[in-house]
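Structure first, commentary second.
Atoms considered below: every heavy atom in the structure, side chains included; atoms not considered: hydrogens, waters and symmetry mates. Numbered from 1 within each chain, the chains take letters A, B, ... in sequence-line order.
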Amino acid sequence: MAKKSTRQFWLFKSEPEAFSIDDLERCPDQTTYWDGVRNYQARNFLRDSVSVGDGVLFYHSNADPLAIVGTATVVKAGYPDHTAFEPGNSHYDPKSKRDNPTWYMVDIRLVTKFRVPVERSKLLEVKSLEEMMLLRRGSRLSIQPVTATEWREVLSLAGVKEN
DNA sequence: GCCAACGTTGGC
DNA sequence: GCCAACGTTGGC
């Protein structure tokens, strides 16, 4: 069976006090591993669906302003989140074993830091985004699928051409 | 700071 | 397997 190669899109949430897009920009090669996801639905996306080359919208949650602040690309697909194995790490989880990991992560590299963040309040005004998971109240998922239409609309709002 | 939504835990 | 209690997320 032929492997489906269609590029997919995602939204990753981060509290900027913990890890912001500026932190990503300062990383070597502007690349980081995305650790600390401790929700099974989000884990499943990271382990099974997020693929090299996929597009990522970087969202600042619990922040002022709440906004999509840039894009990244996936450079390494799902592999075990080693922070779960480290006692003392804030993401330590004793039920995750090296030979049977519970939690997964991917690596992403910064592509574009928006010159002007696309604020949540702006997104809420856009008709074509009214179904976007991020904007549904009570949506706490930290790794969310984004449709190609939503991806293009957000880049358009950010004034970004190519991505 | 408030609180609704959601996920997890644990007693039964 | 049910569900109440509890903890966390995250917008407002």
Going by atom types only, do [X] and [Y] share a side-chain donor-acceptor pair under 3.5 Å?
X        : Y        : value
A:Thr147 : A:Arg152 : no
A:Arg47  : A:Tyr79  : no
A:Gln144 : A:Ser139 : yes

Could you state the [atom1]-[atom2] distance from [X] to [N], rounded to the nearest angstrom?
X        : N      : atom1 : atom2 : value
A:Gln144 : C:dG11 : CD    : C1'   : 13 Å
A:Leu141 : B:dG7  : CG    : P     : 8 Å
A:Asp93  : C:dT8  : CG    : P     : 14 Å
A:Arg136 : C:dT9  : CZ    : P     : 20 Å
A:Tyr40  : C:dT9  : OH    : P     : 15 Å
A:Ile143 : C:dT9  : CD1   : P     : 14 Å
A:Lys95  : B:dG10 : NZ    : C1'   : 15 Å
A:Glu15  : C:dG11 : CD    : P     : 9 Å

Only counting residues at least two apart or in another chain, list the ones meeting ring-ring contact (aromatic ring centres under 6.0 Å, His included) with A:Tyr40.
->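 Residues passing ring-ring contact (aromatic ring centres under 6.0 Å, His included) with A:Tyr40: A:Trp103.
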A:Arg140 side chain: which of C:dC12, C:dG11, C:dT9 is closest?
->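 That would be C:dT9.
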Hey, does the side chain of A:His60 reach the backbone of A:Lys13 with a donor-acceptor pair shorter than 3.5 angstrom?
->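 No, A:His60 side chain to A:Lys13 backbone: no donor-acceptor pair under 3.5 Å.
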Backbone N/O of A:Arg109 and side chain of A:Thr31: donor-acceptor pair under 3.5 Å |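 Looks like no, no N/O pair under 3.5 Å.
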Quick one: which protein N/O atoms are closer than 3.5 Å to N/O atoms of nucleotides 4-6 of chain C? Pair and distance per line, please.
none

Charged N to carboxylate O below 4.0 Å: is that the case for A:Lys113 and A:Asp22?
->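 So A:Lys113 pairs with A:Asp22 through a salt bridge.
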Closer than 4.0 Å, any side-chain N/O of A:Arg38 to the OP1 or OP2 of B:dG7?
->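 No, because none of the side-chain N or O atoms of A:Arg38 sits under 4.0 Å from OP1 or OP2 of B:dG7.
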Residue-phosphate contact under 4.0 Å: A:Lys13 side-chain N/O, C:dG10 OP1/OP2 |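 Yes.
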